Amino acid sequence: MSIPSFVIGIAGGTGAGKTTVSRTVAETVGEAVTRIPLDNYYEDLSHLEYEERAEVNYDHPSAFEWELLRDQLDSLLMGQPVEMPQYDFEVHNRKDERVTVEPSDVIVLEGILSLFDEQVLEMLDLKVYVMTDADVRILRRIERDVIDRGRDLEGVIDQYLGTVKPMHEQFVAPTKKNADIIIPEGANRMAVDLLVEKVEAELAPGDPDADGDRTFPLEVGEGRPTRVDADSSSRPDD
Ligand SMILES: Nc1ncnc2c1ncn2[C@@H]1O[C@H](COP(=O)(O)OP(=O)(O)O)[C@@H](O)[C@H]1O
Ligand SMILES: Nc1ccn([C@@H]2O[C@H](COP(=O)(O)O)[C@@H](O)[C@H]2O)c(=O)n1
C-alpha cells in the first residue's frame, strides 16, 4: 500500500448517483478501494426520541460530525485502521456497532457535502461533483426512501420541500465550484471509465506522480472544473 492513499471526494445532491458512481469505481478497480459514506458521520442522536430525530434537518452541515470524519480520514491517510460508525436511516440514528476499516490505496468519500468542509477538501486529491436534474433526483429519492428507508410518500415530499431542497440550494449545489470534474446523471460510463483510469494510473508501480505531486490525465484548469460530458450545453441540477 502506498502512503498516503489517493483520496477522491464525490459530492452532489440527494439521488444524483454518488453511491452508484463510487460503487462502480470501487468494483471496477478492485479491492484497493475503501468507500466512506458521509452518511455514516451523521451525529449520534441517541439522546433524542425517535419523533424528535425524525424532525432533524439532515441536509444542513451541522447534522454531521465533521471532527470525527477528519480524524478518521487522517488516521487512514497515516496508514492506521479506524472504527467507522454505521448509520440506520430507518431509525434516524447511528447503529450500535462500528466497522473496522483498514487503510487502502484509494479512499472514496461520498456524500451530499463531501466537498463542503475546508479541512476535508485539503485531504482530497480528486474532487468530483455528480450533477443530476432535480426532478430526476426527487423521483429516484421517492423510490429509494419508500422501498429502502422505510418512509411514506407524504413524509418524503414534506422533507424534500421543507429541508432537502432549500439546503441543497444553500449548501450542496455551491460546492460544485470546488470540483475538479463534474459528472452528469450519475453512472455515466465515460466519466466512470476516466475515474477508473486515473485511479489505476495512481496505483501503477513506478508512477512518476506517486510522490503526491499528482496531475489528472485530462487538462484541468486551476479552479475551473472540467466537465466530463459529451454535451456542452448547460444543464442546471436545480
Ligand atoms: N445514471 C443513472 N441512470 C439511472 N438510474 C441511476 C443512475 N445513477 C443512479 N441511478 C439510480 O438512482 C438511485 C439513486 O442513486 P444513488 O447512487 O443511490 O444516489 P445518491 O447516492 O447520490 O443519493 C438508485 O436507485 C440508482 O440505481
Ligand atoms: N435520518 C436521515 C438521514 C439522512 N437523510 C437524507 O439522506 C440524504 C443523503 O443521502 P443520499 O444517499 O440521498 O445522498 C439527505 O438528503 C438527507 O435528507 C434522511 O432522510 N434521514
Side-chain angles (χ1 to χ4, degrees), residues 8-27 35-46 48-65 69 85-95 108-116 128-173 175-176 179 182-193 195 228-231 235 237-238:
I8 305 173
I10 303 184
T14 181
K18 306 176 293 294
T19 309
T20 309
V21 169
S22 63
R23 280 204 185 123
T24 311
V25 169
E27 280 159 16
R35 277 197 328 112
I36 303 188
L38 181 62
D39 296 336
N40 286 343
Y41 295 84
Y42 273 119
E43 292 275 3
D44 185 346
L45 299 180
S46 305
L48 300 180
E49 296 297 325
Y50 171 84
E51 288 73 21
E52 295 173 293
R53 295 199 300 269
E55 295 302 315
V56 168
N57 179 349
Y58 291 104
D59 292 82
H60 192 279
S62 62
F64 296 90
E65 193 176 348
L69 173 66
Q86 302 294 296
Y87 196 72
D88 185 340
F89 286 93
E90 293 204 32
V91 299
H92 303 284
N93 207 3
R94 274 193 199 159
K95 295 182 181 174
V108 180
L109 172 68
E110 164 246 310
I112 51 173
L113 289 167
S114 294
L115 301 185
F116 175 80
V128 177
Y129 187 94
V130 181
M131 191 172 75
T132 302
D133 292 351
D135 53 355
V136 175
R137 292 191 292 100
I138 181 60
L139 289 173
R140 288 178 181 172
R141 177 160 172 147
I142 288 169
E143 194 175 3
R144 182 201 58 196
D145 280 8
V146 171
I147 295 172
D148 301 334
R149 295 186 179 175
R151 310 288 170 85
D152 61 55
L153 179 60
E154 196 187 346
V156 177
I157 293 170
D158 286 350
Q159 186 191 10
Y160 185 79
L161 295 176
T163 51
V164 180
K165 184 175 188 291
M167 296 301 104
H168 175 82
E169 287 161 4
Q170 190 176 347
F171 296 108
V172 181
T175 66
K176 206 184 302 174
I182 294 174
I183 298 180
E185 301 298 332
N188 172 318
R189 193 67 250 175
M190 174 68 85
V192 170
D193 285 351
L195 280 182
V228 182
D229 182 11
D231 174 8
R235 194 174 348 177
D237 73 333
D238 22 59

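Everything numeric here is computed off the predicted structure, so don't read it as measured data. Whatever order the structure lists ligands and atoms in, that order sets their numbers, starting from 1. FYI, the numbering just counts along the sequence from 1.
With contacts defined as side-chain heavy-atom distances shorter than 4.5 Å, the pair E52/V56 does not qualify. L48 has its side chain out of reach of H92: every pair of non-hydrogen atoms, C-beta onward, lies at least 4.5 Å apart. Using a 4.5 Å heavy-atom threshold, the side chains of V192 and V25 count as touching. With a 4.5 Å cut-off on side-chain heavy atoms, R53 and Y58 count as touching.
Not a single heavy atom of S22 lies less than 4.0 angstrom from ligand 1. In this structure, G15 has a heavy atom closer than 4.0 Å to ligand 1.
Within 4.0 Å of ligand 2, heavy atoms belong to protein residues T14, G15, K18, D39, Y42, Y58, D59, Y87, F89, H92, I112, R141, R144, R149, R151, Q159, V164.
Ring geometry for F64 versus Y42: interplanar angle under 30°, hence parallel rather than tilted (30 to 60°). Between F171 and H60, the two ring planes are perpendicular [angle over 60°; tilted spans 30° to 60°].
By heavy-atom distance, the residue among R144, R140, K18 lying nearest atom 2 (C) of ligand 1 is R140. The closest heavy-atom contact to atom 17 (O) of ligand 1, among the options T132, T20, I10, comes from T20.
For ligand 1, the polar-atom distance check against E185 finds a nitrogen or oxygen pair separated by under 3.5 Å. Ligand 1 has no nitrogen or oxygen under 3.5 angstrom from a nitrogen or oxygen of V21.
Interatomic distance, CD1 of I183 versus NZ of K18, reported as 12.0 Å (0.5 Å rounding). The distance from atom CD of E55 to atom CD of Q159, rounded to the nearest 0.5 Å, is 9.5 Å.
For atom 7 (C) of ligand 1, a protein non-hydrogen atom is found at a distance below 4.0 Å. Protein heavy atoms are absent from the 4.0 Å sphere centred on atom 25 (O) of ligand 1.
Within 6.0 Å of CD in Q86 there are more than 12 heavy atoms belonging to other residues, nucleotides or ligands.
Shortest non-hydrogen contact noted between E43 and R94 is CA-NH2, 4.2 Å. Between T132 and R137 the shortest heavy-atom distance is O-NE, 3.0 Å.
Among protein heavy atoms, the minimum distance from atom 19 (O) of ligand 1 is reached at G17 N, 3.1 Å. The protein heavy atom nearest to atom 21 (O) of ligand 1 is T19 OG1, 2.5 Å.
By the 4.0 Å N-to-carboxylate-O rule, R144 lies too far from D148 to be salt-bridged with it.
For R141, no heavy-atom contact with ligand 1 is shorter than 4.0 Å.
Each of the following atoms of ligand 1 lies closer than 4.0 Å to a heavy atom of G13: 22 (O).
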